[in-house]
Amino acid sequence: MSRQVEVDPLRCIGSGICAGTAPELFVLDGPRSRPVREEIDGDDELVLDAADMCPAMAITVRENGRVIAPRD
């Protein structure tokens with residue numbers, strides 16, 4: 001299973017919550033966050049948690065083209 005991860009640079013406020021929650025998946029790059037890799041393998045729940053915790057709702061996770069995070 002593969003998941004696509006993106007951070008909207010226009011929405012990201014650089015809080016660092018994603019990098020703190022999943023440092024192997026997100027990194028702060030200047031004033032914004034970005035995914036370490038745009039595609040990840042497996043069903044790592046940390047990426048979903050990071051998307052859910054983002055205060056700006058800037059992280060989107062897709063699986064097979066379907067948005068799976070942030071979760072409602």
Side-chain angles (χ1 to χ4, degrees):
M1 169 184 357
S2 138
R3 293 178 173 170
Q4 295 71 46
V5 181
E6 64 183 60
V7 176
D8 183 338
L10 299 176
R11 294 186 81 165
C12 180
I13 61 172
S15 72
I17 292 172
C18 58
T21 301
E24 64 282 354
L25 301 174
F26 297 94
V27 64
L28 286 175
D29 189 6
R32 304 285 181 259
S33 176
R34 67 173 174 80
V36 172
R37 294 176 310 281
E38 292 180 8
E39 190 164 323
I40 60 172
D41 292 324
D43 58 354
D44 192 338
E45 285 292 313
L46 282 179
V47 72
L48 303 179
D49 293 341
D52 291 342
M53 288 189 263
C54 177
M57 305 257 323
I59 301 169
T60 303
V61 182
R62 290 183 174 81
E63 189 174 277
N64 298 322
R66 184 176 65 87
V67 173
I68 61 169
R71 299 172 280 198
D72 294 327

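The model shown is predicted, which means the values in this text are computed figures rather than measured ones. Values reported hereafter were calculated over all heavy atoms of this structure, with side chains retained and with hydrogens, waters and symmetry mates removed.
When the salt bridge (charged side-chain N to carboxylate O under 4.0 Å, His left out) test is applied to Glu63, the partners found at least two apart in sequence or on another chain are Arg3. Residues meeting the side-chain contact (heavy atoms from CB on, under 4.5 Å) test with Arg37, sequence neighbours left out: Leu25, Ile40. Asp29 is linked by a salt bridge (charged side-chain N to carboxylate O under 4.0 Å, His left out) to Arg34, counting only residues two or more places apart in sequence or in another chain.
Annotation: Glu38, atom CD; neighbour count of heavy atoms from other residues, nucleotides and ligands within 6.0 Å does not exceed 12.
Proximity of a side-chain donor or acceptor of Asn64 to a complementary backbone N or O of Arg66 within less than 3.5 Å is not detected.
The hydrophobic side chain of Ile13 is isolated, with no ILVMFWY side chain under 4.5 Å apart from it.
To the nearest 0.5 angstrom, Ser2 atom OG is 3.0 Å from Glu39 atom CD.
Both Phe26 and Ile68 sit in one connected hydrophobic cluster of ILVMFWY residues. Membership requires side-chain heavy atoms under 4.5 Å apart, directly or through other members.
Of all heavy-atom pairs between Val7 and Cys12, the closest is CG1-CB, 3.9 Å.
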Would you be so kind as to tabulate the donor-acceptor pairs closer than 3.5 Å made by side chains of residues 48-62, with sequence neighbours excluded?
residue : atom : partner : partner atom : Å
Asp49   : OD1  : Arg71   : NH2          : 3.0
Asp52   : OD1  : Arg71   : N            : 2.7
Asp52   : OD2  : Arg71   : NE           : 2.6
Asp52   : OD2  : Arg71   : NH2          : 2.7
Arg62   : NH1  : Glu6    : OE1          : 3.2

Side-chain donor-acceptor distances from residues 16-23 under 3.5 Å, at least two apart:
residue : atom : partner : partner atom : Å
Thr21   : OG1  : Ile17   : O            : 2.8

